[in-house]
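One structure below.
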Amino acid sequence: MKTYDEVAKVTYEGPDSREPFAFKYYNPDEMLGGKPMREHLRFALSWWHTLCADGVDMFGGSTMDKAFGKADPMEKFKTKADFGFELMDKLQIDYYCFHDVDIAPEGATWRESLDNFQQMVDYLAKLQTQYGKRLLWNTANNFGDKKFMAGAATSCSADVYAIAAAKVKAGLDAAKKLGGQGYVFWGGREGYETLLNTDMKLELDNLAHFMHMAVDYKREIGFDGDFYIEPKPKEPTKHQYDFDAATCMNFLRTYGLEKEFKLNIEANHATLAGHTFQHEIRTAAVNGAFGSIDANQGDLFLGWDTDQFPTNVYDTTLGMYEILKAGGFTKGGLNFDAKTRRMSNTFEDILLSYIAGMDTFALGLRKALALIEDGRIDQFVENRYRSYRSGIGAKIVAGQTSLKELADYALTVPDFTVESGRQEYLESVVNNILFR
Ligand code: XLS
Ligand code: CA
Ligand code: CA
């Protein structure tokens with residue numbers, strides 16, 4: 001196998017290739033369903049997992065060196081950035097995503113941290129131009145530091161609330177400068193462990209006010225990216241306020257924010273909430289809030305956020321099917337919020353993991369388009385609801401009936417039959433498309 005340095009560019013070689021550092025399914029400029037694959041998929045590299053995570057877990061230290069041999073903090077982060085852009089170039093990835101603390105060292109004071117951050121934003125701007133890459137979204141890490149132990153915009157401390165706001169303001173300034181396509185709000189520690197010490201109503205009101213201020217500031221500086229909330233049900237806190245897509249929609253509507261935010265759906269967070277990835281995408285879509293995707297997969301036997309590279313074609317097919325049905329991405333994309341396993345600890349593994357994830361979504365896209373073209377699923381669903389297209393059903397859909405009219409109607413129905421849902425047949429159709 002080649003070494004990391006020996007791989008100049010990962011290119012498409014097709015499904016019969018045995019070359020580990022080649023795409024078997026992702027052919028960036030191939031036209032499918034009216035646009036190139038790269039535009040359907042809009043892949044992004046996650047700074048935190050790719051350039052920062054070094055294998056540390058609860059039981060052991062790092063297994064991978066991501067200091068790039070640099071001791072000076074700014075030098076280290078600049079080298080990370082150089083590596084990140086080179087990696088995107090090798091992998092033909094057009095976008096990237098970061099938290100503030102992923103791109104710059106934190107200083108002894110907030111002023112110092114802000115200064116480091118702004119210097120690094122300028123550095124990233126130069127690399128963007130040099131490599132022709134774009135920022136999909138950025139965010140603030142308002143959960144890692146000790147001061148955020150009780151949350152950020154839901155902290156019991158007003159001073160912590162203020163520093164959280166300062167970090168989001170700096171993030172929005174950076175997004176504007178870098179021409180970001182979006183900005184993510186993931187709750188972090190916005191939730192609670194016990195009601196015995198929690199004023200839930202105040203925390204939710206404060207969180208909503210925080211979001212409104214962010215919307216105001218976005219307008220003020222003319223940032224035209226999309227705002228996303230990223231649902232997650234648990235971890236780090238026991239009860240997260242952004243539990244799942246439906247809970248987020250309820251929050252947004254309660255506080256009059258639904259026109260300002262879309263959702264960033266993460267596959268692993270969906271399964272932690274007891275939902276499928278597809279369910280969360282569909283829920284976002286039917287609420288007019290489908291935005292972006294954090295592409296990864298969890299382990300259904302483990303109850304935490306394992307952030308694995310996606311390799312399950314069944315899930316990516318049904319996920320891409322939902323994304324296509326939702327009209328595809330506009331400003332969002334597929335961000336690999338995924339890290340190599342602790343034992344996959346070489347730079348070659350980073351390439352191999354991205355290739356695996358990108359190919360799995362590329363194959364999912366191909367299969368989802370084939371499912372749509374095949375038409376059996378769509379036709380089945382269309383036919384299943386045909387009773388709503390005429391007679392009393394059409395009146396129900398048009399909102400033109402009443403309980404009284406339906407009660408009278410029910411008296412005239414000789415028998416209440418429902419046709420088979422044919423689940424097993426439909427699952428066999430999916431298999432037929434997947435394995436042909
Ligand atoms: C953590 C989240 C986080 C967000 C961005 O579980 O997935 O990484 O995507 O803050
Ligand atoms: Ca995520
Ligand atoms: Ca995650």
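Whatever order the structure lists them in is the order used to number ligands and atoms, beginning at 1. Position 1 is the first residue of the sequence; numbering continues from there.
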Does an N or O anywhere in His269 fall below 3.5 Å from an N or O of ligand 1? yes
For the Ca ion (ligand 2), what is the closest N, O or S atom on Asp294? OD2
Examine all N, O or S atoms of Glu266, backbone included, and report whether one is under 3.0 Å from the Ca ion (ligand 3). yes
Taking the six-membered ring for Trp and the single ring otherwise, decide whether the centroids of Phe290 and Phe329 are under 6.0 Å apart. yes
Name the closest protein heavy atom to atom 5 (C) of ligand 1, giving the residue it belongs to and the distance to 0.1 Å. His99 NE2, 3.2 Å
The Ca ion (ligand 2) and Asp307: any N/O/S contact shorter than 3.0 Å? no
Measuring from atom 2 (C) of ligand 1, which candidate in Glu235, Lys232, Glu230 has the nearest non-hydrogen atom? Glu230
What about the rings of Tyr25 and Phe23, do their centers lie closer together than 6.0 Å? no
As a test of understanding, state which of Lys262, Arg253, Glu258 forms a side-chain hydrogen bond (donor to acceptor under 3.5 Å, both in side chains) with Asn287. Arg253
At a 4.0 Å threshold, what atoms of ligand 1 neighbour a non-hydrogen atom of Glu266? 7 (O)
The atom name of the N, O or S atom in Asp337 nearest to the Ca ion (ligand 2) is OD2
Please determine whether a side-chain nitrogen of the Lys or Arg among Asp224 and Lys176 lies less than 4.0 Å from a carboxylate oxygen of the Asp or Glu. no
Ranked by distance from atom 8 (O) of ligand 1, the top protein heavy atom is Asp337 OD2, 3.3 Å
Counting only heavy atoms, which portion of Asn141 has something under 4.0 Å from ligand 1: side chain, backbone, both, or neither? neither
Indicate whether the side chain of Gln308 and that of Thr306 have a donor and an acceptor atom separated by less than 3.5 Å. yes
Please work out, at 4.0 Å between heavy atoms, whether the side chain, the backbone, both, or neither of Asp307 comes within that distance of ligand 1. neither
For the Ca ion (ligand 3), which N, O or S atom of Asp305 is at the shortest distance? OD2
Report yes if the distance between the aromatic ring centroids of Phe227 and Phe261 is under 6.0 Å, otherwise no. yes
In this structure, are over 12 heavy atoms from other groups packed under 6.0 Å from Arg341 atom CZ? yes
Counting each atom of ligand 1 from 1 as listed, which ones have a heavy atom of Asp294 under 4.0 Å away? 9 (O)
Would you mind naming the N, O or S atom of Glu230 nearest to the Ca ion (ligand 2)? OE2
Please list the nearest protein heavy atom to atom 3 (C) of ligand 1 with its residue and the distance rounded to 0.1 Å. Trp186 CE3, 3.7 Å
Could you check whether any side-chain heavy atom of Glu106 comes within less than 4.5 Å of a side-chain heavy atom of Asn116, counting everything from C-beta outward? no
Numbering the atoms of ligand 1 from 1, which are under 4.0 Å from a heavy atom of Trp48? 8 (O)
Can we say Arg366 and Glu30 salt-bridge, meaning some charged N sits less than 4.0 Å from an Asp/Glu carboxylate O? yes
Testing the basics here: between Ala270 and Thr276, what is the closest heavy-atom pair and its distance to 0.1 Å? CB-O, 3.7 Å
Could you establish whether Val184 and ligand 1 come within less than 4.0 Å of each other, counting only heavy atoms on the residue side? no
Relative to the ring of Phe361, is the ring of Phe277 parallel (under 30°), tilted (30 to 60°) or perpendicular (over 60°)? perpendicular
